[in-house]
Amino acid sequence: SDDPRNSRGFSEEENTVDNKENAMVWIMLGINFFCFVVIAVSYAMINIKNRRSSKSSGQDENPTRIRENRAIQARIAIIVGTDFACWVPFIIISSLHNLGLGSFDATYWYDTFA
């Protein structure tokens, strides 16, 4: 067949195990990505609700409230940004490795981060 693993001497049983491992990696990557999206959307909703609450209460003109809102927005940005910085590179590198597009071995990353 056209599978490059066959030319390296892998048996059919090893290919089956490898396919199951690949499926598990994709499931874990999908779960990680889904969790990141849920976190990002949740914090975006908190930010939107905070702004609407300030406007409806008339506090959007209050300088103290404006500073507090900016501090909250900065915290939200830091939380989402650090989550993005931690997980998205892992998801991208693991996906490239799993697709055979990377020239690196990310197997160690699976044990460490997943």
Side-chain angles (χ1 to χ4, degrees):
S1 93
D2 293 335
D3 190 348
R5 290 175 291 195
N6 288 339
S7 65
R8 292 185 288 187
F10 284 98
S11 69
E12 191 64 36
E13 183 178 314
E14 287 172 320
N15 283 340
T16 303
V17 170
D18 195 35
N19 288 338
K20 288 180 183 178
E21 289 173 358
N22 282 343
M24 188 58 152
V25 168
W26 283 115
I27 290 169
M28 293 305 297
L29 290 173
I31 290 170
N32 282 325
F33 183 72
F34 175 76
C35 290
F36 170 76
V37 169
V38 167
I39 290 168
V41 169
S42 297
Y43 279 115
M45 290 173 55
I46 290 171
N47 192 18
I48 290 168
K49 295 256 184 201
N50 186 31
R51 284 184 179 199
R52 286 184 183 165
S53 175
S54 291
K55 282 186 180 183
S56 68
S57 68
Q59 293 292 319
D60 60 334
E61 301 293 326
N62 182 343
T64 303
R65 185 67 180 162
I66 291 171
R67 266 193 314 277
E68 290 172 356
N69 283 344
R70 285 189 182 146
I72 290 170
Q73 292 168 359
R75 287 184 196 123
I76 289 171
I78 289 169
I79 291 169
V80 173
T82 55
D83 190 49
F84 180 86
C86 290
W87 285 106
V88 170
F90 170 72
I91 292 169
I92 291 170
I93 288 173
S94 297
S95 297
L96 291 174
H97 171 77
N98 217 29
L99 291 170
L101 299 176
S103 61
F104 43 82
D105 185 6
T107 307
Y108 176 74
W109 282 37
Y110 301 146
D111 295 336
T112 305
F113 295 107

- prompt: Could you give the distance from CZ (F33) to CD1 (I92), rounded to the nearest 0.5 Å?
  reply: 9.5 Å

message: Quick check for you: to the nearest 0.5 Å, what is the distance between W26 atom CH2 and I31 atom CD1?
response: 14.0 Å

message: So which atom in N47 and which in Q73 form the shortest heavy-atom distance, rounded to 0.1 Å?
response: OD1-CG, 3.1 Å

task: Would you kindly confirm whether L96 and F36 end up in one hydrophobic cluster when ILVMFWY residues are joined by side chain heavy atoms under 4.5 Å apart?
output: yes

- prompt: To the nearest 0.5 Å, how far apart are NZ in K55 and CG in N50?
  reply: 11.5 Å

query: Who are the salt bridge (Lys or Arg N to Asp or Glu O under 4.0 Å) partners of R65, not counting sequence neighbours?
result: E68

- prompt: How many angstroms lie between atom CG of N62 and atom CZ of R67, to the nearest 0.5 angstrom?
  reply: 8.5 Å

task: Measure the CG-OG distance between N69 and S53 for me, rounded to the nearest 0.5 Å.
output: 8.5 Å

message: Is there a path of hydrophobic side-chain contacts, each under 4.5 Å between heavy atoms, that joins I76 and I66?
response: no

task: Give a yes or no on whether F84 and V37 share a hydrophobic cluster (residues Ile, Leu, Val, Met, Phe, Trp, Tyr; joining criterion: side-chain heavy atoms under 4.5 Å apart).
output: yes

